[in-house]
2 protein chains.
Amino acid sequence: MNKIFFTPGPSALYFTVEQHIKEALKNNIPSISHRSKQYVQMHQETVNALRQLLNLPEGYQIGFTSSATEIWERMAENLIDNNSYHFVNGSFSEKFYKTAKDLGKNAILDEAVPGSNHDLTQATIPDEVELIGVVQNETSTGAMLPVADIEALRKNNPDKLLVVDSVSSLPVTKYDFSQLDSLYFSVQKCFGLPAGLGVWIYNERCLEKAQKLKEAGKYHETYNGLLSIDKFAQKHQTSCTPNVLNIYLLGKVVQDMLNKGIDQIRNEAIYKSTLIYDLFEKHEKLSPFVSEKKFRSLTVGVGQVEGGAEPLMSALADKGMQVGSGYGPFKGQHIRIASFPTHSKEQVEMLVDTINALDF
Amino acid sequence: MNKIFFTPGPSALYFTVEQHIKEALKNNIPSISHRSKQYVQMHQETVNALRQLLNLPEGYQIGFTSSATEIWERMAENLIDNNSYHFVNGSFSEKFYKTAKDLGKNAILDEAVPGSNHDLTQATIPDEVELIGVVQNETSTGAMLPVADIEALRKNNPDKLLVVDSVSSLPVTKYDFSQLDSLYFSVQKCFGLPAGLGVWIYNERCLEKAQKLKEAGKYHETYNGLLSIDKFAQKHQTSCTPNVLNIYLLGKVVQDMLNKGIDQIRNEAIYKSTLIYDLFEKHEKLSPFVSEKKFRSLTVGVGQVEGGAEPLMSALADKGMQVGSGYGPFKGQHIRIASFPTHSKEQVEMLVDTINALDF
């Protein structure tokens, strides 16, 4: 059966990926050297397309890692001397906090109730904090931070590095990148690629911080430390043999998104998420986990299922539709529905209609 | 043109990979969750096939990273308190040495002339050394260490961890794994997969060392520290979202190799490398870079080209055959020819015949 994955990552492949993989094989992309001219040109094309899609300003660079998890580690090593501050409202925001703590940093945990969010506009951050971490779209709970709130946080704390986890919301969320210092995502969510590639956007302030800590002997520089990533990024390369195929595919998918138009992708995201929250509000056995409307994710809708999620998930799987289970403590109670750019309006309509017609 | 890549990694894909990618797409492998039962079963199948192919004994485990480069870093962090010893005879053996040094270890460099090798049977290692690094097949120079010499080194230094880089020789080289503590490789060489996956084999002694250093507070544990890798490996999982597609493809290719028979793969490697060295010895403009026969790689043949490598490489490219250039300081002087399991005897014969017929 041709199953549709509405799971929040890995998810359905972007609908053009299969064709791009065939082209990649035909053109021997997996066999080219990552030091060859052909690679350098391909790498640059991917980065340029991404810059255009995100409207990335000068002074912001793009580096590649193996995962967003790796980026947490590299940030904690290279961008924090002692003190970091973490807004935590679910499993993924907590993981960055834990990474910083495990690496010996004085990481401050500021927890909100899962399914809700902090009021960033009113946050008071201690003076000694060097880096603030926020998760714009918490994949485990479906809580999304308004960009305006993130910008207010930055305005109130201009001397601290602000890093944004946009793992499951880019490119749907629209940023003014000049209002943040670093942003990262992985490709198996909204970009609909096979897993195994993290994308790290960073600005000059990040590089200066990493340089300063390096000169003070605060960390050991390694192949994927930020300064090494940046050194190779300037040459349109990576510090080690990367996931070449995925870097190629990312460029192709971003080009497809440019051709479709980012505004249309964003408008469709609003339409699809409206359908999902409408379902959660009207169905007698479902309710939205995120109660405050302004915090509801446009890409990952999380619903509480009365009596447990298993019967609904099984019934959907029987009909060829796979939704995500609740994450961590919410496994069994929640369903998570991704409405990523690859999920068409018609697919989401079909999913909603199917749930409404089901007896579970 | 259907180009044949004789480059020493990334190289030609294993000849069955394209079909396996199609199957993977059909079966939604890139969309499955890395915490699902389906993933766990697939991961276990890959590991079990690899255990069988390598005849891996009990007490040796298999973990996945993003690259062999990452394994250098993790080994230096988790397996060395102060002192390591590195037999270096080319760029890749030197990179592990540099990684350990960059991470603040007292890494001892023991250099041999590139294109040759140390006599490991006569090596004297200082008492304080905790870990010895050898590269069984130095991809940059084509110098290969006899397994018997590696075993002698271990016999003479039984209390030190012996870690073997077999990046571009596994599964052609046959090991008695009980005579080493750790071995690693990446999949874009002899296994003929797209790049983006490192494979780390380690034994109980490695785990004990990592545990001891952890308890002494010698490193910060992170997601891909050895103990974390092992914790997840025991559950047939990885610590972060991995390159799921490559782990699937590795299992399929290893199964194909099991069906073909590892002895046949090894016998063909001898035949193909004999053709290549015969060419280097008989051709008036070519000579083998590795002069001592016992040190000649079975998988990467490196030849010196009188008058420079460029004309030969270009002429071959025009005929649809891509050989590797010299590495680092030897760029322009050498060609490197991979004869990996995917390269058929007929392909190598054709390459040799073509070079013999060329005027360069």
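Quick note on labels: first sequence line is chain A, next is B, and so on, each numbered from 1.
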Nearest non-hydrogen partners of B/S67 and A/C240, listed with the distance: OG-SG, 3.9 Å

Between CG on residue A/N246 and CG on residue B/L245, distance to nearest 0.5 Å: 8.5 Å

Contact class of A/T99 relative to chain B, heavy atoms under 4.5 angstrom: neither

Closest-packed option against chain A by number of heavy-atom pairs under 4.5 Å, given B/G104, B/G324, B/S33, B/G192: B/G104

Minimum-distance pair of heavy atoms, taken over all atoms of A/T241 and B/A195: CG2-CB, 3.6 Å

Engaged part of B/I21 at the chain A interface, taking heavy atoms whose separation is under 4.5 Å: side chain

Interface residue of largest heavy-atom contact number with chain A, from B/P10, B/P242, B/G9, under 4.5 Å: B/P10

Part of A/L13 lying under 4.5 Å from any heavy atom of chain B: both

Close side-chain approach of A/H220 and B/L103, heavy atoms under 4.5 Å: yes

Single hit among B/K98, B/E77, B/E73 for side chain to side chain donor-acceptor pair (under 3.5 Å) with A/T222: B/E73

Greater than 12 external heavy atoms within 6.0 Å of B/K218's NZ: no

Top contributor to chain A interface from B/I32, B/V17, B/V244 [non-hydrogen pairs under 4.5 Å]: B/I32

Atom NZ of B/K252: over 12 foreign heavy atoms under 6.0 Å: no

A/S11 backbone acceptor or donor facing B/S31 side chain under 3.5 Å: yes

Separation between NZ of A/K22 and NZ of B/K22, rounded to the nearest 0.5 Å: 6.5 Å

Contacting moiety of A/L197, where chain B heavy atoms sit under 4.5 Å: neither

Residues B/E70 and A/R74 bridged, charged N to O under 4.0 Å: no

Proximal component of A/E221, with respect to chain B [non-hydrogen, under 4.5 Å]: backbone

Nearest-0.5 Å distance, OG of residue B/S66 to CG of residue A/N243: 9.5 Å

